[in-house]
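Sequence lines set the chain letters: A, B, ... in the order given, protein chains first and strands last, and positions in each chain run from 1.
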Number of protein chains: 2
Amino acid sequence: MKKKKVSIYDIANRLEISSSTVSRALNDHARISEKTKLAVRRVAKELGFEKNHLASGLITNKSFTISIIVPAVNRNFFASAITGIEKVASENGYTVLICQSHDQYEREVKLIDTLIINRVDGIIASLAINTEEFDHFRKAKNAGIPVVFFDRVCHEIEDTFKIVVNDFNGAYLATRHLAEQGFKRIAHIGGYQSQNIFRERLAGYKKGLSEFNLPFDEGLVRYCALNTDDGTKLTEELLQLKPRPDAIFCANNLTAISALAYAMDHNIKVPEALGIVGFSEETVSSLLKPAITSIRQPSEQMGKLAAQKLLEEIDAESSDNMDYTEIELRTELIVRASSKLE
Amino acid sequence: MKKKKVSIYDIANRLEISSSTVSRALNDHARISEKTKLAVRRVAKELGFEKNHLASGLITNKSFTISIIVPAVNRNFFASAITGIEKVASENGYTVLICQSHDQYEREVKLIDTLIINRVDGIIASLAINTEEFDHFRKAKNAGIPVVFFDRVCHEIEDTFKIVVNDFNGAYLATRHLAEQGFKRIAHIGGYQSQNIFRERLAGYKKGLSEFNLPFDEGLVRYCALNTDDGTKLTEELLQLKPRPDAIFCANNLTAISALAYAMDHNIKVPEALGIVGFSEETVSSLLKPAITSIRQPSEQMGKLAAQKLLEEIDAESSDNMDYTEIELRTELIVRASSKLE
DNA sequence: TTGTAAGCGTTATCAG
DNA sequence: CTGATAACGCTTACAA
């Protein structure tokens, strides 16, 4: 059921002026008299007029909507990136369409189609964990929709901005920290190597080990989708190895939290018998006992930057002169009880 | 920068048929020959045609978009309600626009305006914690946009579906459980009483107390926005009272988590010296040590129901014969270590 | 400063 | 089964 809509014609009729004048008045056009503008605005309010975005979008070819695709909104990193994006977007009059891929490639592909159909003005995305093909993003680009990647980016599509952190360095900092604390058998719960950032984190981990002359042992490494179930299962696997690892560097924080829970359930003292470091923070990271050491990412800042770059590209007349850069932000090691021995 | 778009005319020209035939073919209209349909679909694909939703929405007066407004997406309850909504929506060909009010009334009002302008087909909302006026929702209704409330509902607008849990009973179960365990001075960290659900939870708490002949002491009750900072601060306040409360029933789980963290930081044994029960679950509730007892809500189910009711209303010819009911689902007490004495 | 009229890309109506 | 033509509600030359 839909009520009758009031259009600019209704306002025009009421004031006995033309619809174009109404349109211009509502858009605060320069050469419309203040008097007319005021009258129009008054009547608009009186009649409860709401501009139809579909109609104006049809002609201006703009929807003033940008869309975010993330694996899941209930992870702290993504939630705060979204908050950053929302801030920049709403300051500039854009509506934000938030979509979840639920870490499924197929869903991501479908979402892109929906977004093209809806004529969003731009897309900000962090890839699903099993996304290894990028034709859908190419398609969006071909449809004239700018794309900005953040966090889990795609290097195969070069004509896009990319906002990342130095994952390699973050992982290196984490591993080095564990080594400095005296841990010798440092395991790693990593993300599927399909995503670049998880390859980087693995590489950083390796560098951290080698710097302390610790051997890299493939048997101490596991790859997964980084959810809590994976974390629990793989922690169990790792802790049943003989000899047992004495520390775990987790590629995200959900797995670090489950590793901690598993250890406590099995009376393995953290950090004495098992040091734990995570990557990226959850709200509860600092509330857990022991609190979890982790690599902090400037997530909201990343979101803001992504949005700024996207709007820049949307506003650009032609994409020919775009200077597509990859922007790398810094991570920070936050040392807490889960890894501090002395 | 925008690329040239391919429209149904391009397809029509290529095949030397009319645009209306193309339109019908693409919409799988009944009396178009299979042959034409196939040809149209082939050329559409060839040319990379993407239907323009703005244009079709303009004429059909439908955007096939529904919107969700929640306080914050990174709370487990809302995230899984969203997941439920997404499932039902996408099964029915709807796109979901997720918006955050960040628990601010003003933002909620603005969002509604944006949604009206964007001609969404319906809105599902859980109110910001300080929302006590509902004109913005009235406005949406007047614009012909159905609204369904869930969780934090608004009884003032009667012509809407409402999906809730039995908050009163949930709180009662929680409090009774604590009393059964032998706790005597049970405090309550509640939500601002502007929201109905938090009044209900307070009432359920009172009933739980009175059933065990425990006096209701206003001094043991605090009201807040239920974020982690509030949780920490108010736990501190409560635990400095003399005599000290020996248990806390928290109106959500973030505050329960912060209460637990505070207690552990101050060497207050949970549950021996302090029993804790929360309301609604976070992903980590069961992973914490001790794991947190809480009231489980069927959040995804609530989302699904809300979406179903909304689509029902959207599909209804007129809202006159709508049977607006309030649907109440059941909660469940999940007992874990944080409240179990023996 | 304002009006006229064309047109954005679809779908709906009516005719054939 | 298919085509012509008029909408949908707005913006924007171009004209006045």
Requested in this report: Could you grab the distance from atom SG of B:Cys154 to atom NZ of B:Lys162, nearest 0.5 Å is fine?
Outcome: 7.0 Å

Query raised in the report: So, does A:Lys37 use its side chain to make a donor-acceptor pair with the main chain of A:His29 at under 3.5 Å?
Result: yes

**Report entry** Salt bridge B:Glu86-A:Lys110, side-chain N to carboxylate O under 4.0 Å
**Finding:** no

Query raised in the report: Out of C:dT11, D:dT11, D:dT2, which has the shortest distance to the side chain of B:Arg24?
Result: D:dT2

Query raised in the report: Among residues 26-41 of chain B, which residues get a heavy atom nearer than 4.0 Å to DNA chain C?
Result: B:Asn27

Query - Nearest-Å distance for atom pair CG/P, residues A:Asn13 and C:dG3 - result: 12 Å

Query raised in the report: In terms of side-chain heavy atoms of A:Ser23, which of D:dT12, C:dG3, D:dA4 is nearest?
Result: D:dT12

Query raised in the report: Just how far, in rounded Å, is P of C:dT10 from CG of B:Asn61?
Result: 18 Å

Query - Pairing residues for B:Arg152 by the salt bridge (Lys or Arg N to Asp or Glu O under 4.0 Å) criterion, not counting sequence neighbours - result: B:Asp103

Report task. Please state how far atom CD1 in A:Ile11 lies from atom P in C:dT2, giving the value in whole angstrom units. Result -> 15 Å

Requested in this report: Would you mind classifying the nucleic acid contact of B:Leu54 as base, sugar-phosphate or nothing, using non-hydrogen atoms under 4.0 angstrom?
Outcome: nothing

Query raised in the report: Counting only N and O atoms by type, is there a donor-acceptor contact under 3.5 Å from the side chain of B:Ser194 to the main-chain atoms of B:Ile129?
Result: yes

Requested in this report: Report yes if a side-chain nitrogen or oxygen of A:Ser18 is closer than 4.0 Å to either non-bridging phosphate oxygen (OP1 or OP2) of C:dT4; otherwise report no.
Outcome: no

Query raised in the report: Considering heavy-atom distances to DNA chain C, does B:Ala55 or B:Ser20 have its closest nucleotide positioned more toward the 5' end?
Result: B:Ala55

**Report entry** Whole-Å distance separating the CG atom of A:Asn52 from the C1' atom of D:dA7
**Finding:** 14 Å

Query raised in the report: A:His53 NE2 to D:dC10 P: how many Å, rounded?
Result: 12 Å

Query raised in the report: Between B:His136, B:His102, B:Gln100, which is the residue that forms a side-chain hydrogen bond (donor to acceptor under 3.5 Å, both in side chains) with B:Glu108?
Result: B:His136

Requested in this report: State whether A:Lys51 places a side-chain N or O below 4.0 Å from either non-bridging phosphate oxygen (OP1 or OP2) of D:dT11.
Outcome: yes

Requested in this report: Look only at the side chain of B:Lys141 and the backbone of B:Asp159, and say whether a donor-acceptor pair between them is shorter than 3.5 Å.
Outcome: yes

Report summary line: When rounded to whole Å, the CD1 to P distance for the pair B:Ile8 and C:dC8 reads 12 Å

Report task. Measure from the side-chain heavy atoms of B:Ser7 and tell me the nearest of C:dT10, C:dT4, C:dA12. Result -> C:dT10

Requested in this report: Mind calculating the distance between CG (B:Asn118) and P (D:dC10) to the nearest angstrom?
Outcome: 13 Å

Query raised in the report: In whole angstroms, how far is the C1' atom of D:dA7 from the OH atom of A:Tyr9?
Result: 11 Å

**Report entry** Side chain of A:Leu58 (C-beta onward), nearest among C:dG9, D:dC10, C:dT11
**Finding:** C:dG9

